[in-house]
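Within every chain, numbering begins at 1; the chains are lettered A, B, ... in the order of the sequence lines, protein sequences first and strands thereafter.
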2 protein chains.
Amino acid sequence: MSETWGIAELAAEFGVTTRTIRFYEDKDLIAPERRGQRRVYHLRDKVRLQLIMRGKRLGFSLDEIRAMVDLYDADPTEVSQLRLFLDKLRERKGLLTIQREDIDQVLKEIAAREAQCERLLSEKQTGAKRASN
Amino acid sequence: MSETWGIAELAAEFGVTTRTIRFYEDKDLIAPERRGQRRVYHLRDKVRLQLIMRGKRLGFSLDEIRAMVDLYDADPTEVSQLRLFLDKLRERKGLLTIQREDIDQVLKEIAAREAQCERLLSEKQTGAKRASN
DNA sequence: AGCTCACTTTACCTTGACGTCAACGGAAAG
DNA sequence: CTTTCCGTTGACGTCAAGGTAAAGTGAGCT
């Protein structure tokens, strides 16, 4: 029998509150099994949560994230749907590519500042040593 | 004489409303010159706006963005400040590095799905052709 | 039976990031 | 002088993403 989890376990594991997880359910981001009135989470729910968290780290809104995870386990069979699906994928790809470029740019700038800081620091240190002799 | 801009020009250029730009000023993200009661934006303001927009694309809050742009034109002279500054830079770097990895991961997955879609599409097309002969 | 514990729903509250609307200022054009 | 623009401040509205508090359910222990 495959492993399942309670809401508190998942919350702890992902570092969010149970409220948050229920909220996501309310927004149709996940749909756990119910056993009586309790929620029971399977592996697929965990995977979805994983995707959601990644989406959040990337700054997407819950609506966007839902669209993405829905893409994830959609299985378009008709050709028209398939085309639409491909379009969405490419749109997503475009956005992420821009984000990547943004990040690369910032990382470069940070690296430059970092180097500059380190230079300054070592200068001031040797300066201090010399002054204390 | 160096070029300047009005609020509406900048708003159009960055694809936001004037309200948004004033809001950023209210939150101390920019501080344009005043000529009478009108705001006059110089190149440095444009650059700051550029940084702000990038920050937003990367999903940072306005508070975080202010911290970042302040870092940008800060010039820490004391050694203690310099160390703190370096720490902040490295923290930022860590976050962005994680984001980059997230993006790379997602891009990979998208690429796979894309390829799969294209395969399916071309199959269905040749299938349709064959069926129409 | 009473108690605890984990979980549930319902409902209102908060914070961030703006949108919207009202009321007004000044300059430039007809 | 009136109209037309563009701009201003200030107050209130709104939407997303949860926080928080209240009150209840059910299983299991003692």
Side-chain angles (χ1 to χ4, degrees), chain A residues 1 3-42 45-46 48-70 92 95 98-99 102, chain B residues 3-42 45-46 48-70 92 95 99 102:
Chain A
M1 198 184 84
E3 205 173 352
T4 64
W5 297 266
I7 192 169
E9 282 174 292
L10 281 196
E13 185 165 346
F14 286 103
V16 298
T17 65
T18 59
R19 171 71 176 91
T20 299
I21 296 187
R22 290 198 200 95
F23 182 71
Y24 291 163
E25 181 176 348
D26 203 52
K27 297 287 161 176
D28 290 324
L29 290 171
I30 33 179
E33 192 200 328
R34 291 294 182 127
R35 221 165 267 172
Q37 89 174 338
R38 303 290 179 92
R39 293 165 172 85
V40 176
Y41 297 86
H42 294 253
D45 300 310
K46 253 184 96 167
R48 280 182 86 94
L49 263 176
Q50 197 67 256
L51 292 176
I52 293 169
M53 297 306 156
R54 202 167 58 188
K56 284 186 53 185
R57 282 198 300 277
L58 295 179
F60 293 105
S61 76
L62 292 188
D63 274 15
E64 291 175 307
I65 291 176
R66 187 189 33 247
M68 293 168 67
V69 296
D70 282 356
R92 213 31 85 201
L95 268 174
I98 290 178
Q99 271 202 35
D102 279 342
Chain B
E3 207 172 351
T4 65
W5 297 269
I7 193 169
E9 283 173 291
L10 280 197
E13 186 165 345
F14 286 102
V16 298
T17 65
T18 58
R19 171 71 176 92
T20 300
I21 296 188
R22 289 195 202 97
F23 181 72
Y24 291 163
E25 181 176 346
D26 203 50
K27 298 285 162 179
D28 291 324
L29 290 171
I30 32 179
E33 192 200 326
R34 290 295 181 125
R35 221 164 268 172
Q37 92 174 334
R38 303 288 178 93
R39 292 165 173 86
V40 176
Y41 297 86
H42 295 253
D45 300 311
K46 253 185 97 168
R48 279 182 87 95
L49 264 177
Q50 197 67 257
L51 293 176
I52 293 170
M53 298 306 156
R54 203 166 60 188
K56 284 187 53 183
R57 282 199 300 276
L58 295 179
F60 293 105
S61 76
L62 292 189
D63 274 15
E64 291 174 309
I65 292 177
R66 189 190 30 249
M68 293 168 67
V69 296
D70 283 356
R92 213 32 85 204
L95 269 175
Q99 271 202 35
D102 279 341

Asker: For B:D63 and C:dT15, what is the distance between atoms CG and P respectively, to the nearest whole Å?
Answerer: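 Taking atom P of C:dT15 as the reference, CG of B:D63 is at 13 Å.
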
Asker: Would you please confirm or rule out a distance under 4.0 Å between OP1 or OP2 of C:dT8 and any side-chain N or O of A:R38?
Answerer: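 For A:R38, the contact criterion (side-chain N or O under 4.0 Å from OP1 or OP2 of C:dT8) is not met.
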
Asker: Quick check for you: among C:dA17, C:dC7, D:dG7, whose closest atom lies nearest to any side-chain atom of B:S61?
Answerer: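 Nearest to the side chain of B:S61 among the choices is C:dA17.
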
Asker: Can you tell me the distance, in whole Å, between the OH atom of A:Y24 and the C1' atom of D:dA16?
Answerer: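 Going from OH in A:Y24 over to C1' in D:dA16 covers 11 Å.
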
Asker: Between C:dA17 atom P and B:M53 atom CE, what is the distance in whole Å?
Answerer: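 Whole-Å distance recorded here is 13 Å.
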
Asker: Between P on C:dA6 and CD1 on A:I21, what's the gap in Å once rounded to a whole number?
Answerer: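 Atom CD1 in A:I21 sits about 16 Å away from atom P in C:dA6.
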
Asker: Rounded to whole angstrom units, what separation is found between the OH atom of A:Y41 and the C1' atom of C:dC7?
Answerer: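 Answer to the nearest Å: 10 Å.
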
Asker: Give a yes/no answer on whether the side chain of B:T17 brings an N or O atom under 4.0 Å of OP1 or OP2 in C:dG19.
Answerer: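 Checking B:T17 against C:dG19: at least one side-chain N or O falls below 4.0 Å of OP1 or OP2.
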
Asker: Please state whether the phosphate of D:dG18, meaning OP1 or OP2, lies under 4.0 angstrom from any side-chain nitrogen or oxygen of A:K56.
Answerer: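 Answer yes for this pair, as a side-chain N or O of A:K56 is under 4.0 Å from OP1 or OP2.
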
Asker: Can you check whether A:T20 has a side-chain N or O nearer than 4.0 Å to OP1 or OP2 of D:dG19?
Answerer: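 Answer yes for this pair, as a side-chain N or O of A:T20 is under 4.0 Å from OP1 or OP2.
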
Asker: Between C:dC7, C:dC18, D:dT8, which nucleotide has the shortest distance from any of its atoms to the side chain of A:R22?
Answerer: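 Of the options given, the side chain of A:R22 lies nearest C:dC7.
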
Asker: Within the structure, does a side-chain N or O atom of A:K27 lie under 4.0 Å from either OP1 or OP2 of D:dC15?
Answerer: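 So the side chain of A:K27 is outside the cut-off, no N or O lying under 4.0 Å from OP1 or OP2 of D:dC15.
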
Asker: Do the side chain of A:R19 and the base of D:dG19 come within less than 3.5 angstrom through a donor-acceptor pair of N or O atoms?
Answerer: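 Indeed, a donor on one side and an acceptor on the other fall under 3.5 Å apart.
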
Asker: If I take atom CD in residue A:E25 and atom P in nucleotide C:dT9, what distance separates them, rounded to the nearest angstrom?
Answerer: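 These atoms are roughly 7 Å apart.
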
Asker: Does a nitrogen or oxygen in the side chain of A:T18 sit under 4.0 Å from OP1 or OP2 of C:dC7?
Answerer: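 Checking A:T18 against C:dC7: no side-chain N or O falls below 4.0 Å of OP1 or OP2.
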
Asker: Give the rounded distance in Å between these two atoms: CG of A:D26 and P of C:dT10.
Answerer: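 So the CG-P distance, A:D26 to C:dT10, works out to 10 Å.
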
Asker: Nearest-Å distance, CZ (B:F23) to P (D:dT9)?
Answerer: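 Checked: the CZ to P distance equals 15 Å.
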
Asker: Could you please name the option among C:dA17, C:dG26, C:dT9 that lies closest to any side-chain atom of A:R39?
Answerer: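 Nearest nucleotide to the side chain: C:dT9.
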
Asker: Ignoring backbone atoms, establish whether A:R34 has a side-chain N or O less than 4.0 Å from OP1 or OP2 of C:dT9.
Answerer: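 Yes.
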
